[in-house]
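We count ligands from 1, going down the list as the structure has it; atoms in each ligand are counted the same way. The figures that follow rest on heavy atoms only: side chains count, while hydrogens, waters and symmetry mates do not. Counting begins at 1 with the first residue of the sequence.
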Amino acid sequence: MNILTCAQALTAAQELGLERLDAQLLLLHVLGKPGTDRAWLLTHDTTFLPQETGQHFRELSLRRAAGEPLAYLIGSKEFFGLKLQVDRRVLVPRPDTETLVDWALQQLAQADMPDSARVLDLGTGSGAIALALKKSRPALDVTAVDASIDALAVADANAQEHQLAVHFIQGNWFENVSAPFHLIVSNPPYVADADPHLPALQHEPLQALTAGKDGLDDLREIIEQAPAYLQTQGWLLLEHGYDQARAVCTLFEQRGFAEVQSRADLAGIPRCSGGRWPGAALGTGSQTAG
Ligand code: GLN
C-alpha cells in the first residue's frame with residue numbers, strides 16, 4: 001500500500017462513502033488523538049501517515065462504509081457529557097435519549113422528590129441513562145437492570161471509569177428488583193420485528209432493538225408491571241418510537257396513570273411518554289402486576 005498523507009487518506013475514505021466528519025474522527029482515532037483535535041488535522045494535510053496507521057485507517061474506513069457505527073469503531077460515545085465505552089454488546093447511546101434524561105431530572109427536581117430518590121433504569125445497556133442521572137444528582141440511589149450479562153459488563157466498566165455508584169442487576173425487566181421506586185425510566189426495545197429500518201441497525205444487538213410485531217411488546221409489559229414497583233406519586237418515563245406516542249399514552253391511561261404526557265426529541269418528534277402513578281386505590285388499570 002502507498003504511503004498517504006493525512007489529506008489523501010481522508011479523501012480516500014470519503015471516496016469509500018464516509019462523511020468527512022466520520023473520516024476525520026476515525027483518522028484521529030488511529031493517530032491516538034482525541035476527537036477534539038480536528039484542528040490538528042487541518043494543519044497537517046501534508047503529514048505522511050506511518051504505513052501501519054494508514055492501513056488501520058483503511059480497515060476502519062471500510063467497516064464504517066459497510067455501516068458499522070462510528071462509536072463501535074472508535075470504542076466510545078459521548079452521552080450527556082459522559083464519554084462512555086461502547087462495543088457491539090450494547091446499543092450505541094443516541095442523542096435523542098438525552099430527552100429522557102432531561103425529563104427525568106426535571107421530575108427529580110420537584111419538591112416532593114427526596115434528594116436520595118430511588119431510581120430504576122430498565123434495560124440500561126451501556127449504562128447511559130443511569131450514569132447520566134447519577135452524575136447529575138450524586139445523592140440518588142440508582143439501580144440499573146439489563147437482561148444481558150454482556151451489557152452489564154459494559155455498564156459496570158463505565159460506572160467504574162466515571163466513579164459513579166450504581167447498583168447493577170441482571171434480570172428481565174422487574175424480575176430481580178425490589179420495590180418501591182420514586183422514578184422508573186427506560187429506553188426499551190421498541191422497533192417492530194419487520195421494521196424496514198432494521199437492516200441499517202444490523203451491527204447493534206437485536207435484543208436491544210426489536211419488540212414484537214408492533215414494537216410495543218416491551219413498552220406494554222413495563223407499563224403493566226411498573227405500578228407494583230412505584231411509590232405512590234412516582235413517575236414512569238419511557239422512550240419509544242417516532243410513531244408510538246399515541247399508542248404509549250393510551251397504554252399509560254388504560255393502566256391508570258395520571259398526568260400522562262409526551263416530550264419531543266431534538267427533531268421535534270414526541271419520543272418519550274410518561275405518567276404519574278396515583279396509587280393503587282385510584283388506579284383504574286387491569287389487575288395489579290406482581
Ligand atoms: N432509537 C433507536 C433507533 O431507532 C432504537 C432504540 C430502541 O429500540 N430502544 O435507532
Side-chain angles (χ1 to χ4, degrees), residues 19 22 64 66-73 76-80 82 84 86-104 119-133 144-148 150-152 154-155 158 171-174 183-226 236-249 251-252 262-274:
E19 303 268 349
D22 283 6
R64 180 73 196 109
E68 209 165 320
L70 184 77
Y72 288 169
L73 299 175
S76 68
K77 175 79 182 180
E78 191 99 11
F79 181 82
F80 218 81
L82 286 171
L84 299 175
V86 294
D87 58 39
R88 47 177 62 244
R89 290 174 291 180
V90 295
L91 197 75
V92 178
R94 313 289 206 259
D96 290 338
T97 302
E98 294 182 351
T99 300
L100 188 64
V101 174
D102 279 329
W103 190 6
V119 177
L120 176 65
D121 173 21
L122 293 170
T124 196
S126 62
I129 299 171
L131 296 174
L133 293 175
V145 168
D146 208 287
S148 157
D150 279 349
L152 286 173
V154 175
N158 281 320
N172 203 0
W173 302 135
F174 296 96
L183 173 74
I184 300 175
V185 287
S186 181
N187 172 18
Y190 53 67
V191 179
D193 286 343
D195 190 288
H197 299 101
L198 275 178
L201 305 171
Q202 62 177 313
H203 296 275
E204 296 180 88
L206 197 62
Q207 170 187 21
L209 287 164
T210 57
K213 207 162 168 252
D214 58 4
L216 292 169
D217 282 5
D218 291 303
L219 289 158
R220 254 187 227 105
E221 185 174 342
I222 291 168
I223 293 169
E224 177 61 28
Q225 292 191 27
L236 172 63
L237 308 180
L238 301 174
E239 180 174 323
H240 50 66
Y242 69 96
D243 56 354
Q244 293 170 333
R246 187 176 298 229
V248 173
C249 285
L251 290 170
F252 269 102
S262 299
R263 293 289 158 99
D265 64 17
L266 300 168
I269 295 167
R271 174 65 63 179
C272 304
S273 296

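Separation of atoms CG (Leu206) and CG (Leu198) is listed at 6.5 Å; rounding is to 0.5 Å. Summarising the geometry, atom CH2 belonging to Trp103 is positioned 11.5 Å from atom CD belonging to Glu239; distances are rounded to the nearest 0.5 Å.
Checked by distance only, ligand 1 and Pro188 come closer than 3.5 Å through their nitrogen or oxygen atoms. Residue Arg271 has no N or O atom closer than 3.5 Å to an N or O atom of ligand 1.
Within ligand 1, counting atoms from 1 as listed, the ones closer than 4.0 Å to a heavy atom of Pro189 are 8 (O). Set against the non-hydrogen atoms of Leu209, the atoms of ligand 1 under 4.0 Å away are 5 (C), 8 (O). When each atom of ligand 1 is checked for a heavy atom of Ala208 under 4.0 Å away, the hits are 7 (C), 8 (O). Interface atoms of ligand 1 facing Arg94, defined by a heavy-atom separation under 4.0 Å, are 2 (C), 3 (C), 10 (O). Of all atoms in ligand 1, listed by their number and element, those nearer than 4.0 Å to a heavy atom of Leu201 are 10 (O). Interface of Leu91 with ligand 1, defined as ligand atoms under 4.0 Å from a residue heavy atom, comprises 6 (C).
Using a 4.0 Å cut-off between a side-chain N of Lys or Arg and a carboxylate O of Asp or Glu, Arg89 and Asp146 do not qualify as a salt bridge. A salt bridge does not link Glu204 with Lys77: none of the charged nitrogens is closer than 4.0 Å to a carboxylate oxygen.
Protein heavy atom at the shortest distance from atom 1 (N) of ligand 1 is Tyr190 OH, 2.8 Å.
The minimum heavy-atom distance between Val185 and Ala104, with the atom names listed, is CG1-CB, 4.0 Å. Closest of all the heavy-atom pairs between Ser186 and Leu100 is O-CD2, 3.6 Å.
A distance-only check finds no donor-acceptor pair linking the side chain of Arg246 to the backbone of Gln244 [under 3.5 Å].
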